[in-house]
Amino acid sequence: MGDAWYREKVETLYTPEQIQARIRELGAQITRDYRNRPLVLLCVLKGSFMFAADLARAIDLPLRVEFLGVQSYGDDTTSSGVVQITLDLARPVDAEDVLIVEDIVDTGLTLDYLMHQIQARNAATVKICALLHKPARTKKQVSIDYLGFTIDDVFVVGYGLDWAQKYRNVPEIGVVTSPTGG
Ligand code: IMP
């Protein structure tokens, strides 16, 4: 993956086909659970842009897509839990059913912050759909209503996820096995 461009070594964890198959299942489950109720799909930028685009197409409900940009401070591979909103919601979500779409839940600090933010904006319900979860690194327990895959304590890239802004455009999800390329 990305061998021609970057120095890190990356091994495939989930192929595009595996990702799409799981998203179809999540979409069907969400469609059943919300029973024709309108839904606000809240895409958390940047990492979730690809997942949210595919998930939206797998959900058969009246649906609005909103974007929230967040940046969590830390070094390249760990978040500090200090979250900055880089792009706010364009429209209010009060009295609406909101589904937060996250790429990955690592320590849980970002999602915990987001849950409180959206609840404070008086949404009728707030649920979470995450593509990946790394339970080994949990610092803040958050309940994930819809989960794609549980993974080990590894750093993953691709399908929206980055390593210093690289690899977001790669269609599969891979594990960085050799950060220095050695
Ligand atoms: P948390 O606050 O520790 O749960 O971190 C959440 C954010 O950290 C995610 O939305 C990602 O942007 C980033 N992150 C955590 N683990 C990874 C990873 O393995 N690859 C890429 N980004 C990650």
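Atoms within a ligand are numbered from 1 in the order they appear, just like the ligands themselves.
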- Output the list of atoms in ligand 1 that are nearer than 4.0 Å to some heavy atom of Glu102, sorted by atom number. 10 (O)
- Ion pair Lys9/Glu11, N-O distance below 4.0 Å: no
- Measuring from the heavy atoms of Val157, does anything fall under 4.0 Å of ligand 1? no
- Polar-atom distance check: Val156 versus ligand 1, any N or O pair below 3.5 Å? yes
- Please determine if Val105 has a nitrogen or oxygen closer than 3.5 Å to a nitrogen or oxygen of ligand 1. no
- Message: Looking at Ser72 and Val82, would you say the former's side chain and the latter's main chain have a donor-acceptor pair under 3.5 Å?
- Response: no
- Query: Quick one: which ligand 1 atoms are inside 4.0 Å of a heavy atom on Asp103?
  - Reply: 9 (C), 10 (O), 11 (C), 12 (O)
- Message: For Asn36, is the CG atom crowded, meaning more than 12 foreign heavy atoms sit under 6.0 Å from it?
- Response: no
- Message: Please confirm whether Lys134 approaches ligand 1 to less than 4.0 Å, judged on its heavy atoms.
- Response: yes
- Query: With a cut-off of 6.0 Å (strictly less than), are more than 12 heavy atoms of other residues, nucleotides or ligands near CG of Asp33?
  - Reply: yes
- Close-contact set for ligand 1 against Thr110 heavy atoms, below 4.0 Å: 1 (P), 2 (O), 5 (O), 6 (C)
- Residue Thr107 vicinity, atoms of ligand 1 by number, heavy atom under 4.0 Å: 1 (P), 2 (O), 3 (O), 4 (O)
- Looking at residues at least two apart in the chain, or sitting in another chain, which of them share a side chain to side chain contact (heavy atoms under 4.5 Å, CB included) with Asp97? Tyr34, Arg37, Leu39, Ala124, Thr125
- Message: With no hydrogens and no angle check, just 3.5 Å: does a side-chain donor-acceptor pair link Glu172 and Thr15?
- Response: no
- Task: Please could you name the atoms of ligand 1 that Leu161 approaches to less than 4.0 Å, counting only its heavy atoms?
- Result: 21 (C), 22 (N)
- Task: Using the side chain to side chain contact (heavy atoms under 4.5 Å, CB included) rule, pick out the option among Val157, Leu161, Asp162 that qualifies with Tyr167.
- Result: Val157
- Message: Looking at ligand 1, would Val154 count as a contact under a 4.0 Å heavy-atom criterion?
- Response: yes
- Residue-ligand contact Val44/ligand 1, heavy atom below 4.0 Å: no
- Query: In terms of atom number and element, which parts of ligand 1 are under 4.0 angstrom from non-hydrogen atoms of Asp162?
  - Reply: 21 (C)
- Query: Can you tell me if Gln165 and Lys46 form a side-chain donor-acceptor pair at under 3.5 Å?
  - Reply: yes
- Polar atom proximity, Ser72 to ligand 1 (N or O, under 3.5 Å): no
- Message: Under 4.0 Å from a heavy atom of Gly108: which atoms of ligand 1 are those, numbered in the order shown and with their elements?
- Response: 1 (P), 3 (O), 4 (O)
- Message: Once you restrict to heavy atoms under 4.0 Å, what part of Lys139 touches ligand 1? Side chain, backbone, both or neither.
- Response: neither
- Message: So does Val154 get a backbone contact from the side chain of Lys134, meaning a donor-acceptor N/O pair under 3.5 Å?
- Response: yes
- Message: What I'd like to find out is whether the side chain of Leu114 reaches to under 4.5 Å of the side chain of Val83, using heavy atoms alone.
- Response: no
